[in-house]
Number of protein chains: 2
Amino acid sequence: MDTITIKDIARALNISTSTVSRALRDSYEINPETKRLVIEYAERLNYHPNSIALSLKENRSRVIGVIVPQIANNFFSQAIDGIEAIAYKRGYHVIIFQSQESYEREVLTVQQAVARKADGLLISLASGTLDVAYLRDLQEKKLPIVLFDRVSKDLDTPSVTADNFAGAFAATEHLIQTGRRRIAHLTILPHISITQERLAGYRAALEQYGLRYDENLVRYAGLGQYEVEPLVDDLLEQSPDAFFSASDRLAIGCLAALKKRNVAIPETVSLIGFTNITVADLLAPPMSTVEQPAFEIGQVAVDQLISLIEGKQKMPQPNLIKLPTKLMVRASSQIG
Amino acid sequence: MDTITIKDIARALNISTSTVSRALRDSYEINPETKRLVIEYAERLNYHPNSIALSLKENRSRVIGVIVPQIANNFFSQAIDGIEAIAYKRGYHVIIFQSQESYEREVLTVQQAVARKADGLLISLASGTLDVAYLRDLQEKKLPIVLFDRVSKDLDTPSVTADNFAGAFAATEHLIQTGRRRIAHLTILPHISITQERLAGYRAALEQYGLRYDENLVRYAGLGQYEVEPLVDDLLEQSPDAFFSASDRLAIGCLAALKKRNVAIPETVSLIGFTNITVADLLAPPMSTVEQPAFEIGQVAVDQLISLIEGKQKMPQPNLIKLPTKLMVRASSQIG
DNA sequence: AATCTTCCCGATAACGTTTGCGGGAATAAG
DNA sequence: CTTATTCCCGCAAACGTTATCGGGAAGATT
């Protein structure tokens, strides 16, 4: 790729590079006639400033690093969609990294992003991440960071999530109001933020309706692909009349496991998932879900980050933004 | 972000930047003792070379630009997953762009990628793209380009696709072998490569089994969200006994439309889709599909591109690589 | 006529890094 | 003792761009 530079223009027009640069930036101290000449020539040769040279000079890359557990996941690909929409509009590019749910890989990819001189980081923590000290170090070096979805209280930084508490509360309340009493909760790793918030919402709804919280009805699934089925079996022994599962992956796994065991949904157990799957109403049975505004979460998160980067925000307090979820009631939780 | 540079090290150790640079690259003309000093100091301060400065100097960015119609699509997010897996291993970063199926946006994003000095481009064409002349221009300027999935014959460049012909043939053959005779084909915009290949596979299977090709059984869907239903209605008037739909989106739309009209699947019509949806067997009914090896397509495509970039390949001929598809027969195409 | 502005423009340094060239000091060879 | 080698290392240029400074020429003000 041989590209034309400001030098080429200067040589061709027999002027200095400074003049070319200034003409292209429409500086007041350049003769209009000279400007015209330069601009015409530049357009004719399809000149574009070398963004790498600019980055070096300005010590900014106009690149935002996004670290997610995995791309091939409805929620994250929708969030990334939202991120890109805003980022491009505001002159930033987005580089995506996957932690594959591993703490070690997360640290590595974050280092990569930093080495690449990303102007800021947008992170959804891997479920393997217990310690965010390495992020605190970066933050102290003035690297703008915004967390989304999987956040951590141990980091003083803006965060953007769905209102997991309210979503879980609404789901549980809905199950109770449709007559369910023994509501099992299948959730993910206990230490990550969304797990705790969703569990809290679940408990709060139980309490409000005078139901006892029974920890035998709660199971934490790890990352393994084959962990869901045994957990469902476990829970079935408690003879629940409803399943509320706390993630995309678990909701699907739960549905598959229940069908495999010929458990009638919703006759024997109701099912409701916390998921952004787009074909929920084509499933058998159509699955009730709590939908997260993934696209908007991405948009808001990147907006926060750009504000940080561009220093518009004096950071009065770390914003903890919660976006409303949406309860979608379908056949899997309706009797009759 | 204040980062440490080679200059800082030079100053601290009272040597020149050249010496530091050479010491870090383990040059033979540096005193082992000096090397040790430099390397130790660099590690202690967690020095990392500024990749932007390197890019400027070496006139390469180690960035690969990926342009896809949209990220939030199972096939593409899986393909991107494959792309990243290989790219990172080989020292490249990936910047993702979305054309949103629009030709204009595709041209813009490609320009962006070029302006960003991507070392090469990995493109899946927007369905709005009829003319690839703008890519030919870039190619003539020695920019490495590899097409995947949505390719074009008008560009002499390596391409990686699923074996769409064989996949469509297998799907159609399966429908015929299960007794279907009037097989409707719902496909996408007529001019893009995968449409033609899949249509050809469909026709070839019909012919091989002595069935007449009837263009009244074929419909082309545009991009509109609400186009599928009327087309399904259209096709139903031809009283088909099977639907073969040629894309992710259409397969889902088709299933939804048929269910809405209470058309019994597979009793009245069989249904088979060309799609990578991961929950196909949880749908009602479980949907038969032709699966594309999306992850592998991404891997192979980026491998081809990196070969081009690094000049390992003298380009004897533009490789047209086809990866096998997989027919997954489920209830939507099985009677009884 | 001397000074002051105003208008344009060029030379240069800087961002962080690598590399070709040159050169001083020590050692080896004559 | 002189010359040739070897071993280390520094200087400076280069990648493409912008910003600071400075300055020449022309016109405007005393």
Side-chain angles (χ1 to χ4, degrees), chain A residues 1-39 41-43 45-63 91 114-119 141-142, chain B residues 1-39 41-43 45-63 91 114-119 141-142:
Chain A
M1 275 298 284
D2 34 349
T3 36
I4 169 167
T5 75
I6 225 170
K7 280 189 191 174
D8 301 323
I9 303 181
R11 212 175 308 123
L13 266 49
N14 211 24
I15 54 180
S16 79
T17 57
S18 334
T19 305
V20 177
S21 171
R22 274 186 280 239
L24 292 172
R25 326 198 108 247
D26 200 27
S27 160
Y28 67 95
E29 43 182 349
I30 298 294
N31 189 312
E33 174 62 12
T34 313
K35 272 188 200 170
R36 196 184 54 76
L37 241 57
V38 171
I39 291 172
Y41 191 81
E43 286 194 344
L45 285 171
N46 197 25
Y47 166 82
H48 286 285
N50 183 319
S51 60
I52 292 181
L54 277 180
S55 293
L56 179 60
K57 184 134 193 47
E58 297 177 356
N59 198 27
R60 66 180 312 192
S61 58
R62 290 199 157 272
V63 161
V114 172
R116 273 274 160 195
K117 300 282 163 190
D119 288 343
K141 290 185 190 167
K142 308 289 172 213
Chain B
M1 274 297 284
D2 32 349
T3 37
I4 170 166
T5 75
I6 227 172
K7 279 188 191 175
D8 301 324
I9 304 181
R11 211 175 307 123
L13 266 48
N14 211 23
I15 54 182
S16 79
T17 57
S18 344
T19 306
V20 176
S21 171
R22 275 185 277 243
L24 291 171
R25 328 198 107 245
D26 202 26
S27 160
Y28 67 96
E29 46 180 349
I30 297 294
N31 189 312
E33 174 62 13
T34 313
K35 273 188 202 172
R36 196 183 55 74
L37 242 56
V38 171
I39 292 172
Y41 191 81
E43 287 193 345
L45 273 114
N46 197 25
Y47 167 80
H48 286 284
N50 183 318
S51 60
I52 292 181
L54 279 179
S55 293
L56 179 58
K57 186 135 195 44
E58 297 176 358
N59 199 26
R60 65 179 313 191
S61 59
R62 290 200 156 271
V63 161
V114 171
R116 272 272 161 198
K117 299 282 162 191
D119 288 343
K141 288 186 191 167
K142 308 289 175 215

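Being a predicted model, the structure only gives us computed values, none of them experimental. Below, chains carry the letters A, B, ... as their sequence lines are ordered, and counting in each starts from 1. The figures here come from the full heavy-atom set of this structure, side chains too, leaving out hydrogens, waters and symmetry mates.
Closest heavy-atom contact between A:Ala23 and A:Ile39: O-CD1, 4.0 Å. The nearest pair of heavy atoms linking A:Ala115 to B:Ser51 is O-OG, 3.0 Å. Across all non-hydrogen atoms, the minimal contact from B:Ser61 to B:Ser55 is CA-OG, 3.5 Å. Scanning both residues, B:Asp8 and B:Thr3, for their nearest heavy atoms gives OD2-O, 4.0 Å. Taking all atoms of both residues into account, the shortest heavy-atom contact from A:Ser16 to A:Ala10 is C-CB, 3.8 Å. Minimum heavy-atom separation, A:Ile30 to A:Thr19: CD1-CG2, 3.8 Å.
Along DNA chain C, read 5' to 3', the first and last nucleotides having any atom under 4.0 Å from a heavy atom of chain A are C:dC8 to C:dG16.
Looking at heavy atoms from C-beta onward, A:Val63 lies out of side-chain contact with A:Arg116 at the 4.5 angstrom threshold.
Remark: B:Arg62 does not engage B:Asp119 in a salt bridge, criterion side-chain N to carboxylate O under 4.0 Å.
Backbone-only engagement by A:Leu54 is indicated by non-hydrogen atom pairs under 4.0 Å involving sugar-phosphate atoms exclusively. A:Ser18 comes within contact range of at least one nucleobase, with a heavy-atom separation under 4.0 Å. At a threshold of 4.0 angstrom between heavy atoms, the contacts of A:Arg22 include nucleobase atoms, whether or not backbone atoms are also involved. Looking at heavy-atom distances under 4.0 Å, B:Ile52 makes no contact with the nucleic acid at all.
Whole-Å rounding puts the A:Lys57 NZ to D:dC15 C1' distance at 13 Å. Note: CZ (A:Arg60) to C1' (D:dT17) measures 15 Å, nearest angstrom. Distance A:Asn50 CG to D:dA14 P: 17 Å, rounded to the nearest Å.
Contacts between residues 28-38 of chain B and DNA chain C, defined by a heavy-atom separation below 4.0 Å, involve no residue at all.
Both B:Val20 and A:Pro49 sit near DNA chain D, but only B:Val20 has its closest nucleotide nearer the 5' end.
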